[in-house]
Amino acid sequence: MTERRVRVSLLVWRPRDPDHPGDLSAGWPRVLQVRTGAGPWQVPSMLLRPGEPLVVAAERTAYALGLTLPNAHRVLAIDQRASAGRQPEELIVIVDGGWVAEGDVRAADGARCACSPACPHQRRWAGTGALADDVGLASALGAAVAAIPAFIVHAPATGGSTPGPVRAAHHERPARPSSPPGRRNSPGE
């Protein structure tokens, strides 16, 4: 039997115009990517631990970036990748990390992150050209910006079970009408 693993990726994006984040007339938004050392640039992600809810893995990823997840936890895309070489088969669940304004997450090509002086990863804002070969990620970005329906993943209530998927339309909308339903992410406390 082939080994399989589930990776939860967090899509955090920066619109070209924070006053009108869903407006694509100035171009597609940039997407936050990280890397360790000279490794490949990729969206922030964590492996799902056995028995761990998707939301908890997404929250661990957001916490590592110093961010807080939006209120509605949307699964934007699922990408299944076959095993390659020594790498096991992987199911990638791309969760909506929301959008941030320019100064919310500092990143620049080659710059170390602001987590701490010993932080092992680098951050950058990648344009859509860097995402062209990743169909799952490109689909997720389209879902986040265009606000197409997505599954909502709920954290279990105390003493209860996890409710099933709910349409995004049943959840609160942002205060500003120009804000996309991807919801703004906020820096952590």
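- Ion pairing between Glu89 and Arg4 holds under the 4.0 Å rule for side-chain N and carboxylate O.
- Here the straight-line distance linking atom CG of Leu32 with atom CH2 of Trp99 works out to 15.0 Å at 0.5 Å rounding.
- Here the side chains of Val100 and Pro18 are not in contact, with every heavy-atom distance at 4.5 Å or above.
- Of all heavy-atom pairs spanning Leu11 and Ala144, the tightest one is CD2-CB, 4.1 Å.
- Across every non-hydrogen atom of Ser9 and Ile92, the tightest pair is OG-CG2, 3.5 Å.
- Taking OG1 from Thr36 and CD from Gln42, the interatomic distance works out to 8.0 Å, rounded to the nearest 0.5 Å.
- For the salt bridge (charged side-chain N to carboxylate O under 4.0 Å, His left out) test, no residue two or more places apart in sequence or in another chain qualifies with Arg16.
- The shortest side-chain heavy-atom distance between Glu90 and Leu47 falls under the 4.5 Å cut-off.
- A distance of 8.5 Å separates OG in Ser139 from CG in Asp79, rounded to the nearest 0.5 Å.
- Listed for the Arg123 side chain is a donor-acceptor partner under 3.5 Å among the backbone atoms of Leu65.
- Linking ILVMFWY residues whenever their side-chain heavy atoms come closer than 4.5 Å, directly or via other members, leaves Val43 and Met46 in distinct clusters.
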Residues Val31, Trp125; criterion side chain to side chain contact (heavy atoms under 4.5 Å, CB included); working and verdict: CA-CA 5 Å; Val31 173; Trp125 289 105; 5.6 Å; no

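- Heavy atoms only, all atoms of each residue included: Ile94 and Ala140 are closest at CG2-CB, 3.6 Å.
- Of all heavy-atom pairs spanning Glu52 and Leu48, the tightest one is O-CD1, 3.2 Å.
- Taking hydrophobic clusters as Ile, Leu, Val, Met, Phe, Trp and Tyr residues chained together by side-chain heavy-atom distances below 4.5 Å, Tyr63 does not share a cluster with Val56.
- Interatomic distance, Trp13 CH2 to Asp96 CG, rounded to the nearest 0.5 Å: 8.0 Å.
- Side-chain atoms of Gln87 and Arg5, non-hydrogen and from C-beta on, do get closer than 4.5 Å to each other.
- Nearest approach of Leu137 to Asp134, heavy atoms of both residues: N-OD1, 3.1 Å.
- A 4.5 Å side-chain heavy-atom check between Leu67 and Leu10 finds every atom pair outside the cut-off.
- Val95 and Leu91 end up in the same hydrophobic cluster when Ile, Leu, Val, Met, Phe, Trp and Tyr side chains are linked at under 4.5 Å.
- Contact between His73 and Pro70 at its shortest, heavy atoms only, is CE1-O, 3.2 Å.
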